[in-house]
Amino acid sequence: MFTLTEVCKELSISPATGRNWIKLGKIKAEGKRGNAYVFSDEYVQRIKEELTKGERDALRSRRNKAYISGKALYRDYISSKSVNIPIIEKLTDALSNEEECPTLLRKAIICDCAVQFIIQITNGEKHESLLREYLDGSLSLCTYSDLIDDFIGSKEELKEFLSSTSLFESYSYTYEIGEDILGLLYISLKSIGQRKKTGAYYTPNTVVKRLLGHLFEAYLLRSGQDKTILDPCCGTGNFLLQLPPGIPKENIFGSDIDEEGVLIARISLALKYQYPDASFWRNQIKVSDFLLNDKPFGRDSYDVIFGNPPWGYSYSEDEKASLKKSFECAHLENPESCDLFLEQAIKLLTTDGFVSFVTPESVLNVKSHSVIREFILKNTYLSHLEYIGEVFDRVQCPSIILQLKKQASQSEACFLKDSPKIYDKENCFEISADREVNSVCFDFLIPDEEYSLLKKMDELEGACRLKDNAIFALGIVTGSNKDMLKSRKSKSNEIILKGSDIFKYSFKKPKCYITFKPELCQQVAPEKYYRAKEKLLYRFIGNHLVFSYDNEQTLSLNSANLLIPQIEGLDIKYICAVLNSRICEYYFRKKFRSVKILRSHIEQLSIPFASKEFQEEIVELVENIMNTPEDKLSIYNTIDAKLKELYGLDDNEYQAILRELDGENLFLI
């Protein structure tokens, strides 16, 4: 379920607008949790699709036109106090009717802003549009003109284009030190499709400041500022613009494959340093592919490498073949661009140098990133880690700031030797140096005391696991729910369950039916698994472990997967009780932090072996829960208390689990 705030973020509207839309009936909440409106994921996605296709007339405001066309103001890209935000917002609103901002119009808008900044810096005067005067030769920009001309390209072509438009001329900008205003214009005028294709997600101002703050506290302010600094994916230069005062311009370098972004970065840095020498900035900020040119500035190494590398870039087969020659991380079917950037950055660091990147959180724990984790362990140790959540506009991907220090040699490897600090929103704690680390998963989100509790569960003597001891199967993918699912029972159809029908120990009988013909479905498991004498069904989407027992051979859709345990000597209902317990819930939350219940997660859960007599007690309680809905919680607590003893938890450990899950709706009803 989405809150109103989350819906507003998805639709690129303000919370105030969202509340107004509810009053006007433009959007309808599913209900309330306390005083907060909530909306289903299905409803929100439908609204987004209708907006994109232009099918929702009631929401065709100027802001939604921007959503449809793919242009939107990235407010978070610069500081919230910037005086230029209202100006640029007015501009993007004026362009919301355009399917795509023409390249020459985008150049004109950015150049006009840059010219205004140059005049403010050199003459201390503020004027509205001056671009026509510059193009006509009646306005001199002194040596800044070379940088502007590089960006414009053909003056004659731009002059001809401007003869048919005056759209950009009524906007007056104010130069602000350290603010990437030119970059904000650039990214707000590019389409969402372009950004996704290249894996480019522009970093919010607060994230840039946090990364630089921790980096400079850890390194530059302790060891002096005369260090070489490289942003290998500099875009329009936002990270470099926010470097603290005192760093020599000769020590900063930036590269990117986005030529237009690089040209903007040169202008912005020239303004920051008030050093307009175009030849100098052409040498410091270059159009270059960091992965294919490891010496874009003729240097073998750098003291600091930072930035936000591209994520999810789609490489061609030829590019993959070329990358395999130089990168360990390229020897995968689909190499991840941020992993390649990390590997290259570590290679180019000086000993004791730092790399600090914004990356997906999945770098820490997803199997496809195991190669870069192995490389990191061999060559660096952890200096700082911050979990920053979903901070990128319209991108549902939790992110981190990962800061690593290069070690002198592999023999000195000790990834946690400095007891690094871990930040998670408002929480901060240190990780002790004796914690075990391996490339399977970088599990650093939990403090040492919680880690010790999980480790105790992992090392439980005699425990079993479902890995290699169970059949897992996906629910049915029909390929067309609209055509194949019915709301009424007939002689030829039968019940099929969705994830939302699954609850702990049981499921509700839905009003959803299917005439099951496997050959007509897009994806099905062998039918014998659906028709098993006994099986467990579990919700695939959600941050709760929710397992129900089924002995009625019930079908399920792919939001409700199935599990058939095959651990000799353990009753399926006993296993169901363990998987539904607060103890396993705690382990899952702390270990995986996932909104999907993956097979790999379930396989790692520790299931205590129990005597036949003990299992019979648990099974009787499980059957009581299934048959006595009004007393569920009391019975559930009894089961948990018995499992506590089986796991060997002391009172303090068990109370920590209870506190963590206190007040939660355990049965989701």
Side-chain angles (χ1 to χ4, degrees), residues 73-85 87-88 110-111 113-118 120-122 144 147-148 150-151 173-188 190 200-216 220-221 225 227-256 258-278 280-287 297 302 304-309 356-358 391 401:
L73 177 61
Y74 282 74
R75 284 178 166 272
D76 293 341
Y77 184 72
I78 59 176
S79 63
S80 59
K81 296 180 180 179
S82 170
V83 298
N84 288 290
I85 287 179
I87 310 302
I88 301 176
I110 294 170
C111 279
C113 179
V115 170
Q116 290 186 43
F117 286 168
I118 292 168
Q120 289 173 41
I121 287 175
T122 56
Y144 281 100
L147 291 167
I148 298 296
D150 284 349
F151 182 73
Y173 308 95
T174 302
Y175 181 69
E176 299 169 285
I177 297 174
E179 297 283 9
D180 188 15
I181 305 301
L182 300 180
L184 177 62
L185 282 169
Y186 179 56
I187 63 177
S188 295
K190 289 183 74 175
Y201 298 107
Y202 296 96
T203 317
N205 181 71
T206 54
V207 176
V208 176
K209 288 185 180 300
R210 291 189 75 87
L211 183 150
L212 294 177
H214 291 300
L215 180 60
F216 280 76
L220 291 180
L221 295 184
Q225 295 180 323
K227 302 294 179 182
T228 51
I229 300 170
L230 169 65
D231 182 348
C233 35
C234 67
T236 57
N238 196 18
F239 280 86
L240 298 174
L241 284 173
Q242 295 196 50
L243 286 169
I247 297 176
K249 60 184 180 297
E250 293 80 10
N251 286 13
I252 65 171
F253 301 88
S255 65
D256 205 293
D258 182 353
E259 182 177 4
E260 200 169 345
V262 165
L263 294 172
I264 292 170
R266 290 174 184 169
I267 295 170
S268 294
L269 286 165
L271 290 167
K272 174 183 177 176
Y273 282 93
Q274 296 189 32
Y275 189 78
D277 185 341
F280 172 81
W281 292 112
R282 289 168 190 153
N283 288 327
Q284 301 298 114
I285 312 296
K286 293 188 176 183
V287 179
F297 305 97
Y302 301 85
V304 179
I305 300 176
F306 61 53
N308 174 17
S356 187
F357 276 166
V358 181
V391 295
I401 297 173

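Because the structure is predicted, anything quoted here is derived from the model rather than measured. We number each residue from 1, following the sequence as shown.
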Check whether any side-chain heavy atom of [X] sits under 4.5 Å from a side-chain heavy atom of [Y], and report yes or no.
X: Y77; Y: S82; result: no
X: L243; Y: F306; result: yes
X: F280; Y: E250; result: yes

Can you tell me if [X] uses its side chain to pair, donor with acceptor, with the backbone of [Y] under 3.5 Å?
X: R266; Y: I285; answer: yes
X: E176; Y: I181; answer: no
X: W281; Y: A265; answer: no

In Å, rounded to the nearest 0.5 Å, how long is the span from [atom1] of [X] to [atom2] of [Y]?
X: N238; Y: I264; atom1: CG; atom2: CD1; answer: 12.0 Å
X: I252; Y: K272; atom1: CD1; atom2: NZ; answer: 6.5 Å
X: L241; Y: I78; atom1: CG; atom2: CD1; answer: 12.0 Å
X: L211; Y: F216; atom1: CG; atom2: CZ; answer: 9.5 Å

Original post:
Without hydrogens or angle criteria, can the side chains of E179 and N84 be said to hold a donor-acceptor pair below 3.5 Å?
Top reply: no
**OP:** Hey, can you tell me if F297 and Y302 have their rings parallel, tilted or perpendicular (30° and 60° cut-offs)?
**Re:** perpendicular
Original post:
Does F151 have any ring pair (Phe, Tyr, Trp, His ring centres under 6.0 Å) partners at least two apart in sequence or in another chain, and if so, which?
Top reply: none
Original post:
Is atom CD of E259 surrounded by more than 12 heavy atoms (other residues, nucleotides or ligands) closer than 6.0 Å?
Top reply: no
